[in-house]
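Encoded as structure tokens, the structure appears first; notes follow it.
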Amino acid sequence: MIKQKIQQWLSALEVERQHQKDELSAAINTRDVHLRVKDGLSWYPCSLESSGYAIGELPFAVLERGDRKKQQDRFQSGQPVRIFRQKENVLTHECQGIIHWIHGNKAKVILHEEDLPIWLAKGGVGMDILHDEKTFDRMRCAMENLLKMKKTHPIFPLVEFFYGNKVGFQKEIDPPGLSGPDFLNPSQRRSIFTALESEVFSVIHGPPGTGKTTTLLHLIRQIAGAEKKILVAAPSNAAVDWIAGLLNNAGLRVVRLGHLSRIDKEVLDCSLESLVFSKNDAKQIKKIRLQAEECKRKAGKFKRNFGREERNERKELYREAKELTAWAIEIENRLVEEVIDQAQVVCSTLSGADSPYLRGFKFDYCIIDEAAQALQGACWIPMIKARKVILAGDHCQLPPTVKSREAVKGGMEKTLLDMVRASGLPMSLLDTQYRMNSTIMGFSNQWFYQNQLKAAAAVKNHRLKVDLDNRSTLEFIDTAGCGFSERRKSKSGSFFNKDEYLILREHLDPLLHQLYPELPTVGIISPYKAQVQYIADDLEEEKLPFPLEVATIDSFQGQEKDIIYISLVRSNETQDIGFLKDYRRMNVAMTRARKKLVVIGDSSTLGKDSFYTRLLDYVEANGWYRSAWEFMG
């Protein structure tokens, strides 16, 4: 049974791999380059700033993006790319490579060519993103390792639990006496005690605002105090940076693994590179590398006459550069091993836990934060390096992203937390939330958490100090009957609704003129990228009296604001609500607000869905149900 279930997941992984590869290939090969740039898939135009040869005589090119306007894209170090040249919109040349580093508008690319292409210096050059197989390969390798795992491995019981239907090896433990810092509530202390006492595995269920990160921080401090080695991992770099920063500020010896270009500047001082190069012996590495670079510079120097003697000279210089580099690597590896060995906590992304720097290292604990957003295969990458595993997250919030419907049918989207929940194994619930007032919290608490949550006294009744007409902290503005039909972008397929945004602005404008004793933070979020882009473009040039962020729901998870507006967008005669059907996404959206939540949507489109019917009933009973007609005229 174990083999069958793992093979089923691996089959779904390959379906998803091919789907993403085909999807990206279609976008690159069918869209105009300027659309690709707008979608973050391309850099164009680019100029060749410098070039040369790396170790092994591989050519490299440093490209500089001509469009300096700051915009998001998907380029990062280690990313495979295609460099191309086009003339009059016709592709004339192309080659492939790997991004070595990105700094601002510049990127160094190691090319998969024997010689540096001459056409790179002739203009009309751009760079496209290619599908990255690396994460897929790492997940496949981790899952295949489970098939070969010996029964004596410390976490083999977990393999049996998840894929062999073995149950009952972990229970929530009631401590004889709750101890810990006074500011931890009983559920946080119970979760910590259970995690420490469990033999192999425990789960901390942290709904929005319940202090999951605070709980993990104090759990990790207790484990480290017992001189146990800990690997902390999460699906995203942002989540890893956040917890690494907290641990570092708490005085723990933390090492943050990952490429410097993906690590937040606030935690750079605990990055592996910073810690290694803060050591005295690191000065020797720099000196040796400079010597190697000088050898490569001499080897790559242009010579008008290039015969056998010159070729032998170049070969000898490259050989010397290679030996110097190997020497530098030997010293660096020794220092890396020393830094990691001395660390109490190593932090990385799930995929980053496959780093060659961790090979041979074993950990007492593996703690995975945001486990509800992590694919099974990604979780096993760090888990197989430990003796005990702790998962933390909330299965009622956003799941991992799986694009292929066939892969979803194959079970790829099902997370380890989903499997724990289905097994009936108890999870340690954090039951006190410190973000929202009771009215904002109420609906999510009813629908998702069986009314098990309570608002802490400090936030239970908090609201804006200035609020027009003392209006409710929860409002639903109904656009039904207003003719605000949704529209769809022809290229991306994403929906937007200009008229709905106009109502949002009418509601927001009076707030812009209020004299707040303390400036509130404001977020405008929507499930649809096209709506977010439309709103962001409209507000781009406006000077606002308080901080305001516009983003999709997915990118807003983990954040909070004093005031949140949610634009639902969908308005049609067929009552099609698309992925508004993913109620977990709405749970994330509604639980970002601290003091005021305003939802704008069309009840006639939403009304036949049980979730939104219940939401509308809740607003009528506990908030302020309003018509968009109030804001028109």
Side-chain angles (χ1 to χ4, degrees), residues 9 12-13 16-17 20 72 74 76-79 132-143 162 203-208 212-213 216 220 230-247 256-259 261-264 267 345-355 358 363 365-386 389-404 407-408 411-421 551-559 582 584-585 587-588:
W9 196 90
L13 177 71
E16 175 69 7
R17 183 204 298 260
Q20 288 193 23
Q72 289 187 335
R74 291 163 54 180
Q76 58 186 9
S77 59
Q79 177 71 48
D132 190 356
E133 301 278 323
K134 189 165 54 203
T135 300
F136 285 91
D137 290 341
R138 287 174 173 174
M139 287 194 287
R140 167 165 282 281
C141 182
M143 295 295 278
F162 284 114
V203 177
I204 298 175
H205 180 196
K212 171 173 60 69
T213 304
L216 290 179
I220 292 167
I230 311 156
L231 174 60
V232 177
S236 68
N237 280 293
V240 177
D241 287 336
W242 176 245
I243 197 163
L246 292 175
L247 294 169
R256 167 65 163 103
L257 290 185
H259 197 281
S261 65
R262 304 183 206 176
I263 298 176
D264 189 275
V267 291
V345 188
V346 175
C347 299
S348 79
T349 59
L350 298 170
S351 178
D354 190 50
S355 167
L358 291 186
F363 295 85
Y365 284 84
C366 170
I367 298 176
I368 297 181
D369 194 14
E370 303 293 359
Q373 286 186 271
L375 293 167
Q376 293 176 39
C379 285
W380 286 107
I381 296 171
M383 283 166 58
I384 58 180
K385 298 179 183 293
V389 172
I390 300 166
L391 302 181
D394 180 15
H395 56 272
C396 298
Q397 296 189 61
L398 290 176
T401 300
V402 178
K403 296 184 177 181
S404 165
V408 171
M412 188 178 177
E413 191 182 45
K414 185 181 292 184
T415 67
L416 296 183
L417 277 191
D418 291 329
M419 297 166 79
V420 171
R421 182 166 169 259
T552 61
I553 294 172
D554 294 43
S555 63
F556 216 82
Q557 182 160 345
Q559 298 188 60
D582 188 343
R584 291 170 296 183
R585 182 172 275 107
N587 186 34
V588 171

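Here the structure is a predicted model, which is why all the values come from computation and not from measurement.
For the atom pair CD of Gln76 and CG of Asn237, the computed distance is 7.5 Å after rounding to the nearest 0.5 Å. Rounding to the nearest 0.5 Å places OG1 of Thr349 at 13.0 Å from NE2 of His259. Atom CG in Leu257 sits 5.0 Å away from atom CG in Leu358 (nearest 0.5 Å). His395 NE2 to His205 NE2: the interatomic distance, rounded to the nearest 0.5 Å, is 4.5 Å. To the nearest 0.5 Å, atom CD1 of residue Ile220 and atom SG of residue Cys347 are 7.0 Å apart. Atom CD1 of Ile390 sits about 6.0 Å away from atom OH of Tyr365, to the nearest 0.5 Å.
The side chain to side chain contact (heavy atoms under 4.5 Å, CB included) test applied to Lys212 returns Leu216, Asp369, Glu370, Ala392, Leu430, not counting sequence neighbours. In this structure Asp264 satisfies the salt bridge (Lys or Arg N to Asp or Glu O under 4.0 Å) test with no other residue, sequence neighbours excluded. Every residue two or more places apart in sequence or in another chain was checked for a salt bridge (Lys or Arg N to Asp or Glu O under 4.0 Å) with Glu16, and none qualifies. Applying the salt bridge (Lys or Arg N to Asp or Glu O under 4.0 Å) test to Asp554 and every residue at least two apart in sequence or in another chain returns Arg585. Not a single salt bridge (Lys or Arg N to Asp or Glu O under 4.0 Å) links Arg421 to another residue, sequence neighbours left out.
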Side-chain donor/acceptor pairs under 3.5 Å, residues 376-386, sequence neighbours excluded:
| residue | atom | partner | partner atom | Å |
| --- | --- | --- | --- | --- |
| Gln376 | OE1 | Tyr163 | OH | 2.7 |
| Gln376 | NE2 | Lys414 | O | 2.7 |
| Trp380 | NE1 | Tyr163 | OH | 3.1 |

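The two atoms that bring Phe363 and Val346 nearest to each other are CE2-CG2, 3.9 Å, heavy atoms only. For the pair Ala12 and Ala407, the tightest heavy-atom approach, listed with the atom from each and the gap, is O-CB, 3.6 Å. Between Arg138 and Ser351, the closest heavy-atom pair is NH1-OG, 2.9 Å. Contact detail for Met412 and Leu13: the closest heavy-atom pair is CE-CD1, 3.6 Å. The nearest pair of heavy atoms linking Ala244 to Val267 is C-CG1, 4.3 Å. Here the closest heavy-atom approach between residue Leu391 and residue Ala371 is recorded as CB-CB, 4.1 Å.
Looking at heavy atoms from C-beta onward, Thr415 lies out of side-chain contact with Pro399 at the 4.5 angstrom threshold.
Open room surrounds CH2 on Trp242; 12 or fewer heavy atoms of other groups in view lie less than 6.0 Å from it.
Remark: the backbone N or O of Arg584 is not paired with any side-chain donor or acceptor of Asn587 at under 3.5 angstrom.
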Could you check Val203 against Leu416 for side chain to side chain contact (heavy atoms under 4.5 Å, CB included), going step by step and ending with a plain yes or no?
CA-CA 10 Å; Val203 177; Leu416 296 183; over 6 Å; no
